[in-house]
Each structure stands twice: as C-alpha cells, then as structure tokens.
Protein chains: 2
Amino acid sequence: MKVSKQKAAENRARIVTEAARLFREKGLSGIGVDALTKAAGLTHGSLYSRFDSKEQLMAEALAEALKRSAVTLYPPDAATTPGAFETVIARYLSPTHRDTPGTGCALAAVGCEVARHGPAARQVLTEGLWNSAGRLSAVLPDQARPVDAKTDEALAVLASMVGALILARAVDDSSLSDRILNASQRRIIDTATQKP
Amino acid sequence: MKVSKQKAAENRARIVTEAARLFREKGLSGIGVDALTKAAGLTHGSLYSRFDSKEQLMAEALAEALKRSAVTLYPPDAATTPGAFETVIARYLSPTHRDTPGTGCALAAVGCEVARHGPAARQVLTEGLWNSAGRLSAVLPDQARPVDAKTDEALAVLASMVGALILARAVDDSSLSDRILNASQRRIIDTATQKP
DNA sequence: ATTATCTATAGATCTATAGATAATGC
DNA sequence: ATTATCTATAGATCTATAGATAATGC
C-alpha cells in the first residue's frame, strides 16, 4: 500500500487542509482522527506516522487555517485602496462568512476552545491574532497615528469582529443574528471613521 | 440509598449549579456526565432519573449560569448611578473575569461551542444574550435615543466585550491578553461616551 | 530494502440503561 | 410501597500503537 514520495507529501498536505476545514466546522473536540483522515481519503492508523498526536495536527491545521483566511479576509494589496477598512469589516461581518466557518476566521471558529487546549495550538492562534491585527492596522482610516495607538485600535476592532461573528453563529434566531452583524458593522465603521 | 424529598431536590439543584460552573470552565464537550455528577457528590447513573440527557442538563446549566452572571455583571440597580456604564465595562473586561470563567459570562465561555450543539442550549443562550443586551442598554450613556438605536448599540458593545474576553483567554501571552482587555475597554467607553 | 498505508486492536472514556439496594413516607 | 441513588454494564467512540502489506526506489 506504499505510494510515491510525492503522493505521500500530497496526502500529508491534504490531511492538514481537510483538518483546517473540519476543525473550524466541527470544533477542536467535535471531530476525531478517524473522521479527519477519512476526509483525506486515508485510514486513521496512517496519521501517526506523520503527526505525533492529534494536538500536533491541530496546531498545524490552525496555522494553515489562519494563514489562508488572512489572505482572503485581509488582502494585503487593499491597504492603499480608499474604503479598504469598510470593505474588510463588511466582508468579515457578512452572512456568507457567518455561514461558512470551514473557510473563515479560525479565531471566531475555535477561539473559546483553544483556551482549554495545549500550548502548541494556543501559540499558533496567538501568532494568527497578531498577524490579523497587523493587517487590520494597515487599513485603519486614520493612518497618521503612532503605531501603538493603531495596534490598540486594531486589537479592539478585531475583538469586536470576532465577538460579533461568534454571537451571530450562536443564536437561534436569524433576524437577531443579522442584527448583531449589522449593528456591529455600523458601530465599528462609524466609531473608527468619526474624528473627535 | 434513598434520601428525603428535600435532599433529593437539593441534589438536583447542586448538579445544575456544579454543571453551570464546570461547563463554563471545561467547555460543553470538555466534561462528561461522570465528572459532572461526581462534582455534586453523586454517581453518574443517578443523573438520568432527573435529566433526559446531557443535552438537557446543559440547557438548564446554561440558563442558571446566564441568570447568575447577569446579576453580577449587570446589577439592575446600577441603571441610575452615574458612571454605571464604565463600571460595567471595566468589570466585564477585568483580569479577574478573564481568570474565573466558571463564574463568568457564559456567552464568552461557550459561545463558539453552542453554535454546534442542540436547539435547547442555543435557545437558552439566545435568551441570555437578549437579557444581557437589555441590561447593558439600560446603562448606556445616551439614554435619550430611540429604543432600537440603544438595542443596536447594546448588541454591538456586547459583541465587543465577548470577543475581547474570548481572545484574552485564548492567547498564550499575558501582556497581549492584558492589552486586548485594556484597548477594548478604552475604545468601548470612548466611542460610547463621545458625542458627535 | 525501505516505507507509506492499512488492518486489527488495546485501553480509555463517554452516554445511557437496567436492575439492585436501602431509606423515606404513606 | 415508593423511589432516590448506586452498581454494573452495554455499546459507541476516541486516541494511539503494533505488525502486516504492498508498492516505491535504490
């Protein structure tokens, strides 16, 4: 049942990619190694020749998830475009993002669970948060401020975005869910744009 | 091994209370019925004479968690006090709240997980969110606005609070954690107080 | 010969149920 | 007699390991 080196590398990559999606969709404790490897077309036993543990796969999968979603949610070329900030916020707080956690922001998908997991996953999430905050900082309306002030605002705005998406996904009422997204989007944009 | 009716009622209440704490501390999937009943001084078999399932206990426990934390986090008598809004935000985004999830806001403790659980738990969380938003609305600085505008702001501010607490708990870096809390607190208060 | 994957399984844990036990409360 | 709780266990699932298998690549 051996495959070529290239194929084996592809299989490994596919496990990580599928895990990046499934951990976000089902939660860190909501999916097991059996389902994770099956999604990549392999059997569960084959996982442990490449990963020390589920925890290690989790860390790699979260790193990939954060890397990919950062490119989609915070496109780096948008920094100079006018209205880039509004576009980023509107995309993050869209019904589409709410309804597709498997390809979305990992901070919102597994934020609560990561606090109770191993150091590898937490470290990866922390780096992803810094990266998101940096990209967000680059599109903030008032670019003339000191870097510390912009980072503070980026962290606070990011927290608002993550909280709104989590609550919009948690509630059992679609009109309330929409309202949380819309009210948060409006408040973030108004308060960031408005100069004292 | 039978106990008096009164004692039995106390035992049931103690299971719910302990579950309210443990679900918040360990997560909805992070603790089983064995540990939940053991924490109340009973054995796991005794749970099913009172609760249909773990899911039902979860819904009751979340209801109690939300009810108790609302009293602590949004004291109803604070509405008329000057500076009530700032106090509520500062208490919610304090290191103490971050470090004691077992007695804190259930929205932040299990928000991500609830989206993947049964309808009973989601409904309870939705009611708890409305309740929190209502209490928050009552202490917003500008009380002269229409009720819809105040509700929108309360929902958006609540999302910020929940997101900041979740991220502060998730990251593996205590100075970043503090910074998320402080930056969010300052931004929420500044943007709510400041009149255009 | 090496090695990527599979099969089989160990050992732990989890939810739920059935029947036994023993104290309450009529 | 009733019933709150316990003991024992079923059946499922989960992580991880060991050895078998079969195709690659020297």
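Computed from a predicted structure; not experimentally measured. We name chains A, B, ... by the order of the sequence lines, and we start the count at 1 in each one.
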Problem set entry | Test salt bridge (charged side-chain N to carboxylate O under 4.0 Å, His left out) applied to A/E10 and A/R14, step by step | CA-CA 6 Å; A/E10 286 171 15; A/R14 205 166 57 253; 5.3 Å; no
Exercise. Counting side-chain heavy atoms from C-beta on, which of D/dA4, C/dT5, C/dT9 comes nearest to A/R50?
Worked result: C/dT5
Pairs under 3.5 angstrom, nitrogen or oxygen only, protein versus nucleotides 22-26 of chain D, please.
| from | atom 1 | to | atom 2 | distance (Å) |
| --- | --- | --- | --- | --- |
| D/dA22 | O4' | A/M1 | N | 2.7 |
| D/dT24 | O2 | A/K2 | NZ | 3.1 |
| D/dG25 | OP1 | A/K5 | N | 3.1 |

Exercise. Reckon B/G45 touches a base, only the sugar-phosphate, or nothing at all at heavy-atom distances under 4.0 Å?
Worked result: base
Exercise. Within less than 4.0 Å of OP1 or OP2 of D/dC6, is there a side-chain N or O belonging to B/T43?
Worked result: yes
Exercise. Which listed nucleotide (D/dT9, D/dA4, C/dA8) is nearest to the side chain of A/H44?
Worked result: C/dA8
Exercise. Are side-chain N/O atoms of A/N131 and A/R135 paired as donor and acceptor at under 3.5 Å?
Worked result: yes
For this session: Examine C/dC6: is either OP1 or OP2 under 4.0 Å from a nitrogen or oxygen in the side chain of A/S46? Give yes or no.
Result: yes
Problem set entry | Side-chain donor-acceptor contact under 3.5 Å, B/T96 with B/R91 | no
Problem set entry | Heavy atoms of other groups near A/Q6 CD, more than 12 under 6.0 Å | no
Problem set entry | Distance, rounded to the nearest Å, where A/Q56 contributes CD and D/dT15 contributes C1' | 14 Å
Exercise. B/Y48 side chain N/O closer than 4.0 Å to the phosphate oxygens (OP1, OP2) of C/dA16?
Worked result: yes
Problem set entry | Atom-pair distance (CZ on B/R14; P on D/dA4), nearest Å | 15 Å
For this session: Could you tell me whether the side chains of B/S137 and B/E153 share a donor-acceptor contact shorter than 3.5 Å?
Result: no
Problem set entry | Separation of atom CD1 in B/I15 from atom C1' in D/dA4, rounded to whole Å | 11 Å
For this session: Spell out, as yes or no, whether a donor-acceptor pair under 3.5 Å connects the side chain of B/R98 to the backbone of B/S94.
Result: no
For this session: Whole angstrom is fine here: how far is it from NZ in A/K38 over to P in C/dC6?
Result: 12 Å
Problem set entry | Atom-pair distance (CD on A/E10; C1' on C/dT5), nearest Å | 15 Å
For this session: Please check if any side-chain donor atom of A/S175 sits under 3.5 Å from a side-chain acceptor atom of A/D173, or the reverse.
Result: yes
For this session: May I have the distance from B/F51 (atom CZ) to C/dC14 (atom P), rounded to whole angstrom?
Result: 18 Å
Exercise. What does C/dT17 pair with, Watson-Crick or G-U, if both distances are under 3.5 Å?
Worked result: D/dA8
Problem set entry | Nucleotide D/dA16, atom C1' - distance to CG of A/L47 in whole Å | 10 Å
Seminar exercise, completed: Ranking A/R12 and B/K54 by the position along DNA chain C of their nearest nucleotide, the one closer to 5' is A/R12
Problem set entry | side chain to side chain contact (heavy atoms under 4.5 Å, CB included), paired with A/L28, selected from A/K54, A/E55, A/M58 | A/M58
Seminar exercise, completed: Residue pair A/A9/B/D52 against DNA chain C: nearer the 5' end by closest nucleotide is A/A9
Problem set entry | Nucleotide opposite D/dA22 in a Watson-Crick or G-U pair, distances under 3.5 Å | C/dT3
For this session: Take atom CG of A/D34 and atom P of C/dC6, then tell me their distance rounded to the nearest Å.
Result: 12 Å
